[in-house]
Amino acid sequence: MNKRGVLLVISGPSGVGKGTIINKLFDMDDNLYFSVSATTRQPRQGEINGVHYTFKSIEEFEHDIETGEMLEHAQFSGNYYGTPRSAVEKKLSQGKDVVLDIEIQGARNVKRLMPEAVLVYILPPSIDELKKRLNGRHTETEESVSRRLHTAYSELHEAPELYDYFIVNDVVENAATKIEEILDCKRCGKAAMQEIIKQILEEAENLA
Ligand code: ADP
Ligand code: 5GP
């Protein structure tokens, strides 16, 4: 029977721990597919092209927007980021649950295009802790840290009306477990189950 995968959107301030939680989630669950985004930002040390992101030039990225290859895209901290459409659609129809790690403008567009998506926002235990995590990662310049914190403040104001769930990332394992519980519920929601319901109804009609 053909069960449709769940589209799980994860957002939250830069440095809150989205990537760390997603890695933990992948250790816990083998039905997940991570949507590798495209970006025009420079790779960080240790980031692999095609694994963490597909790194593109501005010209390549804009070409992909024009040809409709992006499900959604946004500018964040001076760079383009976007979700490739075809892989997401293919994996959902194969029954895989697809995880997007995207910022709020992208989440808003995904919700508009695919209202059945579940939107989860990760909160820091405190703003002080968020600053510590962002600085402690040692991946950003001072200017980039302050730009990311500034963006975080404005995102936090907009998030309450858009997202379905809010999870405080105090302990990574606890946050990942809560997301796994949300996924489990969504896996028997009507969007995921509609093909199965249709098939059972057809069988019932054939009996009648
Ligand atoms: P994001 O993907 O949201 O930008 P990362 O996953 O890169 O954030 O995490 C930022 C930093 O915070 C990393 O150094 C990570 O190890 C650390 N971190 C993540 N979650 C926690 C947590 N629950 N407690 C303490 N440190 C954390
Ligand atoms: P980073 O540069 O720290 O990897 O990511 C910066 C921000 O871009 C994060 O909030 C992340 O969720 C977001 N992001 C990553 N990929 C995408 C994407 O494909 N689309 C959108 N809209 N945002 C993305």
Side-chain angles (χ1 to χ4, degrees), residues 7-27 33-56 61 64-65 69-88 98-114 117 119-141 143-156 158-159 162-163 167-179:
L7 183 57
L8 172 67
V9 174
I10 299 197
S11 306
S14 189
V16 75
K18 299 178 295 297
T20 311
I21 295 172
I22 290 169
N23 283 341
K24 180 56 73 186
L25 204 56
F26 272 73
D27 290 343
Y33 170 80
F34 181 70
S35 164
V36 178
S37 295
T39 183
T40 57
R41 86 148 159 71
Q42 290 300 307
R44 291 179 188 138
Q45 204 177 7
E47 280 186 335
I48 301 164
N49 192 21
V51 175
H52 300 95
Y53 280 105
T54 305
F55 295 99
K56 295 195 180 233
F61 199 104
D64 287 354
I65 298 173
E69 279 164 57
M70 294 292 172
L71 175 65
E72 62 74 32
H73 70 276
Q75 290 206 26
F76 180 93
S77 220
N79 291 298
Y80 278 125
Y81 293 82
T83 304
R85 183 191 301 277
S86 59
V88 170
V98 175
V99 180
L100 306 185
D101 171 349
I102 62 177
E103 51 66 76
I104 193 165
Q105 306 163 65
R108 188 169 281 117
N109 285 330
V110 168
K111 187 75 183 171
R112 186 171 46 78
L113 294 167
M114 296 170 149
L119 271 57
V120 174
Y121 196 85
I122 311 293
L123 290 167
S126 67
I127 293 296
D128 237 26
E129 174 65 18
L130 177 64
K131 283 184 193 161
K132 273 189 208 146
R133 286 185 193 170
L134 195 49
N135 283 312
R137 198 171 61 182
H138 300 300
T139 52
E140 312 302 318
T141 60
E143 194 249 326
S144 168
V145 166
S146 94
R147 202 148 30 129
R148 279 164 185 262
L149 282 171
H150 188 77
T151 305
Y153 298 144
S154 57
E155 252 199 38
L156 278 164
E158 291 175 46
L162 179 63
Y163 288 82
I167 292 177
V168 176
N169 179 20
D170 43 11
V171 177
V172 176
E173 288 73 13
N174 295 351
T177 302
K178 285 191 188 125
I179 298 179

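As the structure lists them, so they are numbered: ligands from 1, and atoms in each ligand from 1. This chain uses plain numbering: 1 for the first residue, then up along the sequence.
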Within 4.0 Å of some non-hydrogen atom of Lys18, the atoms of ligand 2 are 12 (O)
Is there a donor-acceptor pair closer than 3.5 Å between any side-chain N or O of Lys18 and the backbone N or O of Gly12? yes
Gly106 neighbourhood, listing ligand 2 atoms whose heavy-atom distance to it stays under 4.0 Å: 22 (N)
Measure the distances from the heavy atoms of Glu72 to every atom of ligand 2 and state whether one is below 4.0 angstrom.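 Glu72: in contact with ligand 2 (<4.0 Å).
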Which residue pairs pass the side-chain hydrogen bond (donor to acceptor under 3.5 Å, both in side chains) test when at least one of the two sits in residues 125-134, sequence neighbours left out? Glu129-Arg133
For atom 19 (O) of ligand 2, what's the nearest protein heavy-atom neighbour? Residue, atom name and distance, please.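 Nearest protein contact, heavy atoms only, for atom 19 (O) of ligand 2 is Ser37 OG, 2.7 Å.
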Per-atom contacts, ligand 2 versus Gly82 - under 4.0 Å to a heavy atom: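 Answer, ordered by atom number: 18 (C), 19 (O), 20 (N).
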Report the distance from atom CD of Glu158 to atom CD of Gln105, rounding to the nearest 0.5 Å.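 One finds 8.0 Å between CD of Glu158 and CD of Gln105.
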Counting each atom of ligand 2 from 1 as listed, which ones have a heavy atom of Ala74 under 4.0 Å away?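 Ligand 2 atoms under the 4.0 Å threshold to Ala74: 22 (N).
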For Tyr53, does its backbone N or O pair with a side-chain atom of Glu47 as donor and acceptor, under 3.5 Å? no
Tell me, which protein residue and heavy-atom name are nearest atom 10 (O) of ligand 2, and how many Å apart are they?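 Answer, as residue, atom name and distance: Glu103 CB, 3.6 Å.
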A side-chain contact here means heavy atoms from C-beta on lying under 4.5 Å apart; do Leu123 and Ile167 qualify?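 Leu123 vs Ile167: side chains apart.
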Quick one, list the residues around ligand 1 where some non-hydrogen atom comes in under 4.0 Å, by chain and residue number. Pro13, Ser14, Gly15, Val16, Gly17, Lys18, Gly19, Thr20, Arg133, Arg137, Asn169, Asp170, Val172
Under 4.0 Å to a heavy atom of Arg41 - the qualifying atoms of ligand 2, by number: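 Answer for ligand 2: 1 (P), 2 (O), 4 (O).
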Closest non-hydrogen protein atom to atom 5 (O) of ligand 2, residue and atom name please, with distance?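 Sorting protein heavy atoms by distance from atom 5 (O) of ligand 2 puts Tyr53 OH, 3.3 Å first.
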Less than 4.0 Å between a side-chain N and a carboxylate O, is that true for Glu72 and Arg108? no
Select one of side chain, backbone, both or neither to describe which atoms of Tyr81 lie under 4.0 Å from any atom of ligand 2, heavy atoms only. both
Mind listing the closest non-hydrogen atom pair of Leu130 and Ala152 along with its distance? CD2-CB, 4.4 Å
Value rounded to 0.5 Å, distance of CZ in Phe76 from CZ in Arg147: 9.0 Å
Atoms in ligand 2 with a heavy atom of Arg44 nearer than 4.0 Å: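 In order of numbering, the contacting atoms are 1 (P), 2 (O), 3 (O), 4 (O).
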Val9 side chain near Asp101 side chain, heavy-atom distance below 4.5 Å: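 No, every pair of side-chain atoms sits at 4.5 Å or beyond.
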What atoms in ligand 2 come closer than 4.0 Å to a heavy atom of Arg148? 1 (P), 2 (O), 3 (O), 6 (C)
Residues two or more places apart in sequence or in another chain: which of them pass ring-ring contact (aromatic ring centres under 6.0 Å, His included) with Phe34? none
Determine the minimum heavy-atom distance between Ser11 and Ile102, stating which atoms define it.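 Taking Ser11 first and Ile102 second, the nearest heavy atoms are OG-O, 2.6 Å.
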Hey, which atoms in ligand 2 end up nearer than 4.0 Å to a heavy atom of Asp101? 11 (C), 12 (O), 14 (N), 15 (C), 16 (N), 17 (C), 24 (C)
Applying side chain to side chain donor-acceptor pair (under 3.5 Å) to Ser144 and not counting sequence neighbours gives Glu140, Arg148
